[in-house]
Amino acid sequence: QVQLVESGGGLVQPGGSLRLSCVASGSIFSIGVMAWYRQAPGKQREVLASIFSGGVTNYADSVKGRFTISSANAKRTVYLQMNSLKPDDTAVYYCMLVSGGRGYWGQGTQVTVSS
């Protein structure tokens, strides 16, 4: 009984910005990590950024310096601020949560960066 809902995706031109949000609801005992992934057509799903209980964050090299992950509401909400977007950033973006040894995924939100 854990649900994740992403929002904030859309169409943006190169160099633009978007902020994605993910809200977790349901019976969550504890949250070990929340993360953002993306998957483009024909490509593997890749992790972009993660944030842990102590506030430690990790970023993929492809987004360092451009994307920022943050959380609020006792980690019930996680954000991904995306700046300086490139066409290669076009993908479906997914929120992921680990709680009680289980992983949960949102439905994904489409980000399209036009060129």
Side-chain angles (χ1 to χ4, degrees):
Q1 185 61 19
V2 176
Q3 291 82 42
L4 301 175
V5 179
E6 302 103 332
S7 62
L11 176 65
V12 64
Q13 64 184 11
S17 298
L18 286 173
R19 184 173 68 180
L20 306 183
S21 299
C22 174
V23 178
S25 62
S27 299
I28 304 174
F29 177 73
S30 64
I31 300 173
V33 60
M34 296 187 76
W36 287 97
Y37 289 71
R38 70 184 179 192
Q39 187 167 22
K43 298 182 180 179
Q44 297 293 315
R45 187 172 297 185
E46 60 177 334
V47 62
L48 302 176
S50 55
I51 184 165
F52 297 85
S53 60
V56 175
T57 58
N58 288 317
Y59 295 93
D61 288 341
S62 60
V63 304
K64 284 181 179 177
R66 300 190 298 123
F67 292 9
T68 303
I69 188 170
S70 61
S71 64
N73 303 111
K75 296 197 68 175
R76 292 290 184 111
T77 303
V78 64
Y79 304 97
L80 187 68
Q81 178 66 47
M82 306 187 295
N83 299 324
S84 302
L85 285 162
K86 308 173 182 178
D88 285 349
D89 294 321
T90 296
V92 177
Y93 284 67
Y94 297 91
C95 179
M96 190 274 288
L97 174 155
V98 178
S99 177
R102 296 183 180 273
Y104 302 88
W105 293 86
Q107 80 287 351
T109 185
Q110 176 71 46
V111 172
T112 302
V113 185
S114 64
S115 59

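Residue numbers start at 1 and run along the sequence shown.
Expressed to the nearest 0.5 Å, how far CZ of Arg76 lies from OG of Ser25 amounts to 8.0 Å. Here the CD atom belonging to Gln13 is positioned 11.0 Å from the OG atom belonging to Ser115, to the nearest 0.5 angstrom. The distance from the CG atom of Leu97 to the SG atom of Cys22 is 7.5 Å, given to the nearest 0.5 Å.
Taking 4.5 Å as the limit, every side-chain heavy atom of Ser114 sits out of range of all side-chain heavy atoms of Pro87. Between Leu85 and Leu18 the shortest side-chain heavy-atom distance falls below 4.5 Å. Residues Thr109 and Leu20 have side chains in contact (heavy-atom distance under 4.5 Å, counting atoms from C-beta outward). A 4.5 Å side-chain heavy-atom check between Asn58 and Phe52 finds at least one atom pair inside the cut-off.
Linking ILVMFWY side-chain heavy atoms closer than 4.5 Å, directly or via other members, places Trp36 and Val33 in two distinct hydrophobic clusters. When hydrophobic clusters are built by joining Ile, Leu, Val, Met, Phe, Trp and Tyr residues whose side-chain heavy atoms come closer than 4.5 Å, directly or via intermediates, Ile31 is not grouped with Met96. Both Met34 and Val2 sit in one connected hydrophobic cluster of ILVMFWY residues. Membership requires side-chain heavy atoms under 4.5 Å apart, directly or through other members. Put simply, Val63 and Tyr79 are part of two different groups of oily side chains (I, L, V, M, F, W, Y) that touch within less than 4.5 Å, one to the next.
Side chain of Tyr59 to main chain of Ile69: a donor-acceptor pair is present (N/O by atom type, distance under 3.5 Å, no hydrogens or angles). A donor-acceptor pair under 3.5 Å links the side-chain atoms of Glu6 to the main chain of Gly108, judged by distance alone. Put simply, the side chain of Arg19 never gets that close to the backbone of Gln81: no donor and acceptor are under 3.5 Å apart. Within the 3.5 Å criterion, the main-chain N or O of Ser30 finds a donor-acceptor partner in the side chain of Ser99.
Within 6.0 Å of atom CZ in Arg45, more than 12 heavy atoms from other residues, nucleotides or ligands are found, so the atom counts as buried in its surroundings.
Using bins of under 30°, 30° to 60° and over 60° for the plane-to-plane angle, the ring pair Tyr93/Phe67 lands in the tilted bin.
When each of Val111, Leu48, Asp89, Thr68 is paired with Met82, the side-chain contact (heavy atoms from CB on, under 4.5 Å) condition holds for Val111 and for no other.
In terms of heavy atoms, Val12 sits closest to Gly16 at CG2-CA, 3.7 Å. Of all non-hydrogen atoms in Gln110 and Val92, the two that sit nearest each other are OE1-CG2, 3.3 Å. Taking each heavy atom of Thr90 and Ala40 in turn, the nearest pair found is O-CB, 3.6 Å.
Cation-pi geometry between Arg38 and Tyr94 is not satisfied (NZ or CZ under 6.0 Å from the ring centre, within 45° of the ring normal).
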